Amino acid sequence: MSYAYNQQGPYGQQQGYGPSPGAYPPPPGGYPQGGYPQGDYPQPGGYPSAPQPGFQPPPYAADPYAGANQGEAHPFNSNTDAPGYGGYNPEDPEVKGFDFTEQSIRKGFIRKVYSILMVQLVITMGFIALMCYEPKTKDFVQKTPSLFIVALVVMIVAMITLACCGEVRRKAPINYIMLFIFTIAEGFLLGVSSSHYRQDAVLMAVGITAAVCLALTLFAFQTKYDFTMMGGILLVAVIILLVFGIVAIFVQNKIVQLVYASLGALIFSIYLIYDTQLMMGGKHKYSISPEEYVFAALNLYLDIINIFMYILAIIGSSRD
């Protein structure tokens with residue numbers, strides 16, 4: 001809304017502050033008659049320090065949308081409706097369009113994440129079963145290391161893309177495509193790695209991993225302890241595990257291998273609880289946005305896969 005000062009004639013009916021022509025329709029009964037009171041108001045130096053006797057407020061100083069235009073939508077005014085002035089605030093939960101504490105949103109998000117996770121695990125187990133129980137396929141992949149290298153590169157690129165590019169992992173169908181490519185590459189890598197172990201050891205590792213992951217998931221849903229505040233501690237633990245793994249490459253000792261695999265299984269078991277509670281939201285301090293269903297499924301999948309590989313390494317080291 002804009003105001004213009006009418007300077008036609010001396011003080012009188014045509015003088016005073018009023019709305020610009022065409023700013024809004026006149027109120028019922030027309031504009032009030034008369035202008036500002038006679039005297040030193042307004043002065044060239046500014047407004048008087050105190051109201052003068054007989055002072056009346058400028059005509060139409062009140063909200064022009066009250067009265068005649070009542071019931072119409074109030075337009076956005078950058079001067080009065082800016083954030084922090086009691087008007088439109090883009091940070092309000094209603095403006096964002098969702099509230100993750102809502103049970104229906106949270107349950108739908110959890111169902112979507114576990115549906116994607118189940119598909120990933122089925123694809124991975126298919127690769128493991130194919131390369132462990134099909135002799136020709138097993139011999140072919142073991143004698144063709146270039147396939148392993150290609151799958152490793154594809155897996156790393158897809159994982160970095162999903163982890164670092166928010167627009168990619170939130171926008172369908174590109175997020176599903178990238179996740180499918182990552183799952184195919186990771187499943188192939190796990191199949192090749194599992195083919196170097198005995199079949200009964202792989203089956204035992206699968207069974208133990210399923211039991212451990214189920215128990216940890218139920219614990220994460222039921223416990224009163226909040227593991228979402230342990231992100232920094234888990235990051236330090238993974239760095240220590242990485243350094244330990246580099247040392248274990250050069251120290252070919254069964255005890256070292258068992259200790260390393262046991263620490264890895266323990267750390268990623270805690271990570272599974274941590275990522276599960278991040279997905280749950282609600283009473284926990286930190287949570288993942290409902291738009292990050294692909295990222296949540298990726299986290300849980302990597303936790304389960306790492307637990308499986310470390311348990312398989314423990315079984316293999318104890319038998320070899």
Side-chain angles (χ1 to χ4, degrees), residues 92-129 155 158-187 190 206-231 234 268-309 311:
D92 287 344
E94 293 80 10
V95 178
K96 289 181 180 179
F98 66 86
D99 184 5
F100 197 45
T101 59
E102 186 70 28
Q103 290 289 335
S104 59
I105 298 177
R106 188 188 310 160
K107 290 179 180 179
F109 172 70
I110 294 174
R111 284 195 298 267
K112 183 181 292 187
V113 170
Y114 277 108
S115 298
I116 297 173
L117 179 62
M118 289 301 106
V119 174
Q120 289 181 279
L121 293 177
V122 168
I123 294 174
T124 304
M125 293 309 300
F127 274 102
I128 294 175
M155 183 271 294
M159 183 174 63
I160 293 176
T161 302
L162 289 172
C164 300
C165 301
E167 293 299 325
V168 174
R169 68 172 180 260
R170 296 190 193 102
K171 186 176 181 181
I174 186 63
N175 53 357
Y176 290 108
I177 295 174
M178 293 300 301
L179 187 63
F180 179 75
I181 294 174
F182 169 80
T183 305
I184 293 295
E186 182 68 23
L190 287 175
V206 170
I208 295 174
T209 302
V212 169
C213 292
L214 178 61
L216 292 176
T217 302
L218 294 177
F219 173 76
F221 273 89
Q222 299 296 328
T223 185
K224 296 181 180 179
Y225 297 101
D226 188 2
F227 284 79
T228 61
M229 298 183 294
M230 298 180 59
L234 290 174
F268 281 98
S269 296
I270 301 175
Y271 251 117
L272 181 61
I273 301 175
Y274 170 79
D275 290 328
T276 301
Q277 290 189 345
L278 281 181
M279 176 195 63
M280 290 169 55
K283 61 182 179 180
H284 305 291
K285 184 175 181 179
Y286 300 105
S287 61
I288 298 179
S289 169
E291 298 178 354
E292 299 285 359
Y293 51 90
V294 168
F295 187 64
L298 178 65
N299 289 339
L300 296 177
Y301 175 75
L302 289 175
D303 296 336
I304 295 173
I305 291 305
N306 278 285
I307 293 173
F308 167 74
M309 290 303 302
I311 290 177

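All residue numbers in this chain count up from 1 along the given sequence. Note that the coordinates shown come from a computational prediction; the quantities given were computed from them, not determined experimentally.
Side-chain atoms of T276 come within 3.5 Å of backbone N or O of L272 as a donor-acceptor pair.
Annotation: side chain to side chain contact (heavy atoms under 4.5 Å, CB included) contacts of T161 (sequence neighbours excluded): V157, C165, V168, M178. Among residues two or more places apart in sequence or in another chain, the side chain to side chain contact (heavy atoms under 4.5 Å, CB included) test is passed with I160 by I156, C164. I184 is linked by a side chain to side chain contact (heavy atoms under 4.5 Å, CB included) to I123, F127, F180, counting only residues two or more places apart in sequence or in another chain. With sequence neighbours excluded, the residues forming a side chain to side chain contact (heavy atoms under 4.5 Å, CB included) with M155 are L152, M159, F182, A185, E186, L189, listed by chain and number.
Applying the side-chain hydrogen bond (donor to acceptor under 3.5 Å, both in side chains) test to every pair with at least one member in residues 168-177, sequence neighbours left out, gives these pairs: R169-E292, R170-E292, N175-Y293. Applying the side-chain hydrogen bond (donor to acceptor under 3.5 Å, both in side chains) test to every pair with at least one member in residues 108-121, sequence neighbours left out, gives these pairs: Q120-T183. Sorted by first and then second residue, the salt bridge (Lys or Arg N to Asp or Glu O under 4.0 Å) pairs involving residues 114-127 (not counting sequence neighbours) form an empty list.
A side chain to side chain contact (heavy atoms under 4.5 Å, CB included) with V113 is found for exactly one of L300, D275, V294, L298, namely L300.
One finds the SG atom of C213 at 7.0 Å from the CD1 atom of I311 (value rounded to the nearest 0.5 Å). Remark: I305 CD1 to T209 OG1 distance equals 8.5 Å, nearest 0.5 Å. Note that CD1 of I174 is 11.5 Å distant from CG of L179, once rounded to the nearest 0.5 Å. Between the CD atom in Q277 and the OG1 atom in T217 there is a gap of 11.0 Å [rounded to 0.5 Å].
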Should F221 and I110 be marked as a side chain to side chain contact (heavy atoms under 4.5 Å, CB included) after you check the CA-CA gap, both sets of side-chain angles, and the distance that decides it?
CA-CA 11 Å; F221 273 89; I110 294 174; 4.3 Å; yes
Pair M309-N306, side chain to side chain contact (heavy atoms under 4.5 Å, CB included): steps then yes or no
CA-CA 5 Å; M309 290 303 302; N306 278 285; 5.8 Å; no
If you apply the rule side chain to side chain contact (heavy atoms under 4.5 Å, CB included), what do you find for L216 with F268, and how did you get there?
CA-CA 11 Å; L216 292 176; F268 281 98; over 6 Å; no
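Here the closest heavy-atom approach between residue T228 and residue Y274 is recorded as O-CE1, 3.5 Å. Scanning both residues, A220 and I273, for their nearest heavy atoms gives CB-CG2, 3.8 Å. The two residues A297 and L117 come nearest to each other via the heavy atoms O-CD1, 4.0 Å.
In this structure the side chain of F227 never reaches within 4.5 angstrom of the side chain of Y271, judged on heavy atoms. Between Y301 and T124, the closest side-chain pair of non-hydrogen atoms falls below 4.5 Å.
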